[in-house]
Amino acid sequence: MTPQDAPRLTLTDIDAMTRDAFVAALGGIFEHAAWVAEEAHARLPLADAEALHAAMMDVVRAAPDERVLAFLNGHPELAGSEARAGTMTDDSTGEQRSAGLDALTAAEVEELTTLNRAYREAHGFPFILAVRGRDKETVLKELRTRTSRPTPAEREEALTQITHITHQRLTRLVK
């Protein structure tokens with residue numbers, strides 16, 4: 001079952017969940033970071049899905065710098081080795097496919113690989129972009145532009161992009 005096929009949850013369902021059930025249902029919204037859901041569960045009950053998402057993002061933003069850096073590094077590179085190996089999460093696979101990153105030419109793969117490497121070397125974490133609704137040309141342009149930006153600005157931009165990505169994921173999961 002793909003994330004898009006999963007039954008949608010109500011806030012009543014979520015508020016009634018044990019911590020383990022909450023983590024099982026929502027832990028995958030944040031890429032390889034079930035700790036976000038583990039910590040957000042303590043904030044239940046919440047008024048609505050927006051408050052749930054805000055609570056989860058608050059957990060990320062309140063985490064120590066080392067944990068945030070590890071969290072950022074848990075995200076796959078766009079059309080990177082995880083994509084080629086087929087080891088990305090279903091959400092990431094669908095998001096990258098929606099932007100055409102599964103249908104790159106050899107030259108585009110080479111350029112993206114080079115740009116991904118340069119970005120990681122410059123900032124210490126992978127380039128993160130909410131790609132749903134974008135095309136591969138836009139993704140490449142963003143990556144070219146953002147690589148030269150200061151790392152503190154890029155860290156904040158990565159968290160902003162994660163806010164968009166996780167909001168989209170949560171919206172598909174919660175009615």
Side-chain angles (χ1 to χ4, degrees), residues 1-6 8-9 14 22-41 43 46 48-63 67-84 86-104 112 115-116 119-120 123-147 149 151-175:
M1 176 183 323
T2 66
Q4 293 76 18
D5 299 329
R8 294 191 65 193
L9 301 167
I14 292 168
F22 183 85
V23 172
L26 302 176
I29 290 171
F30 287 77
E31 198 83 17
H32 304 297
W35 60 269
V36 176
E38 289 169 0
E39 293 182 28
H41 181 264
R43 298 171 185 220
L46 294 161
D48 55 30
E50 295 299 320
L52 172 59
H53 185 254
M56 294 177 94
M57 281 307 303
D58 288 347
V59 167
V60 172
R61 290 190 175 277
R67 192 167 208 188
V68 172
L69 182 58
F71 169 69
L72 295 175
N73 275 298
H75 287 76
E77 288 184 344
L78 297 180
S81 60
E82 299 96 331
R84 289 188 300 278
T87 58
M88 290 190 310
T89 64
D90 289 343
D91 281 319
S92 287
T93 299
E95 290 156 1
Q96 290 198 28
R97 183 180 307 118
S98 77
L101 298 180
D102 63 333
L104 299 172
L112 197 50
L115 290 169
N116 275 331
Y119 185 94
R120 186 181 288 275
H123 302 297
F125 52 86
F127 175 71
I128 300 170
L129 179 67
V131 296
R132 195 170 291 283
R134 300 176 194 253
D135 60 25
K136 60 187 176 183
E137 291 80 16
T138 304
V139 171
L140 286 165
K141 181 181 176 188
E142 282 282 320
L143 183 48
R144 284 184 212 105
T145 300
R146 288 179 43 199
T147 299
R149 292 179 53 193
T151 297
E154 270 310 294
R155 180 182 164 127
E156 186 56 37
E157 183 61 29
L159 290 173
T160 297
Q161 293 300 316
I162 289 167
T163 299
H164 297 309
I165 294 164
T166 56
H167 187 269
Q168 292 169 357
R169 290 176 180 181
L170 187 66
T171 299
R172 287 192 306 276
L173 189 60
V174 178
K175 332 181 194 184

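All residue numbers in this chain count up from 1 along the given sequence. Since the structure is predicted, the reported quantities are computational estimates derived from the model, not experimental observations.
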Rounded to the nearest 0.5 angstrom, the CD1-CG distance for Ile165 and Leu159 is 10.5 Å
Are Asp135 and Thr138 close enough that a side-chain donor and a side-chain acceptor fall under 3.5 Å?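 The criterion, which ignores hydrogens and geometry beyond distance, is satisfied for Thr138 and Asp135.
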Set out, in order, the CA-CA distance, both residues' side-chain angles and the distance that settles side chain to side chain contact (heavy atoms under 4.5 Å, CB included) for Val60 and Ile162, then state yes or no. CA-CA 10 Å; Val60 172; Ile162 289 167; 5.9 Å; no
Minimum side-chain heavy-atom gap [X]-[Y] below 4.5 Å:
| X | Y | result |
| --- | --- | --- |
| Thr166 | Met56 | no |
| Thr163 | His53 | yes |
| Arg144 | Leu115 | yes |
| Phe125 | His75 | no |
| Leu143 | Leu78 | no |
| Leu26 | Val36 | no |
| Ile29 | Leu173 | yes |

Considering non-hydrogen atoms only, spot the tightest contact between [X] and [Y] and give its length.
| X | Y | value |
| --- | --- | --- |
| Pro76 | Ser92 | CG-OG, 3.9 Å |
| Ala99 | Val139 | CB-CG2, 4.4 Å |
| Asp91 | Gly28 | OD2-O, 4.2 Å |
| Asn73 | Pro126 | OD1-CD, 3.5 Å |
| Gly133 | Ser98 | N-OG, 4.3 Å |

Keeping the roles fixed (side chain from Arg149, backbone from Thr145), state whether a donor-acceptor pair exists under 3.5 Å.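 No.
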Of Glu77, Glu142, Gln161, Arg120, which meets side-chain contact (heavy atoms from CB on, under 4.5 Å) against Phe127?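 With Phe127 as partner, side-chain contact (heavy atoms from CB on, under 4.5 Å) holds for just one option, Glu142.
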Full working for side chain to side chain contact (heavy atoms under 4.5 Å, CB included) between Thr93 and Asp102: CA-CA 9 Å; Thr93 299; Asp102 63 333; over 6 Å; no
Suppose we screen for ring pair (Phe, Tyr, Trp, His ring centres under 6.0 Å). Which residues come up paired with Phe30, at least two apart in sequence or across chains? none
The side chain to side chain contact (heavy atoms under 4.5 Å, CB included) partners of His32 (sequence neighbours excluded) come to Thr89
List the residues meeting side-chain hydrogen bond (donor to acceptor under 3.5 Å, both in side chains) with His41, not counting sequence neighbours, and say none if there are none. none
Assess whether side chain to side chain contact (heavy atoms under 4.5 Å, CB included) is satisfied between Arg8 and Arg172, documenting all intermediate values. CA-CA 7 Å; Arg8 294 191 65 193; Arg172 287 192 306 276; 6.0 Å; no
With under 30° as parallel and over 60° as perpendicular, where do the rings of His123 and Tyr119 fit, or are they tilted in between?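 Because their plane-to-plane angle lies in the 30° to 60° range, the rings of His123 and Tyr119 count as tilted.
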Is Arg169 salt-bridged to Glu31, cutoff N-O under 4.0 Å?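 A salt bridge links Arg169 with Glu31.
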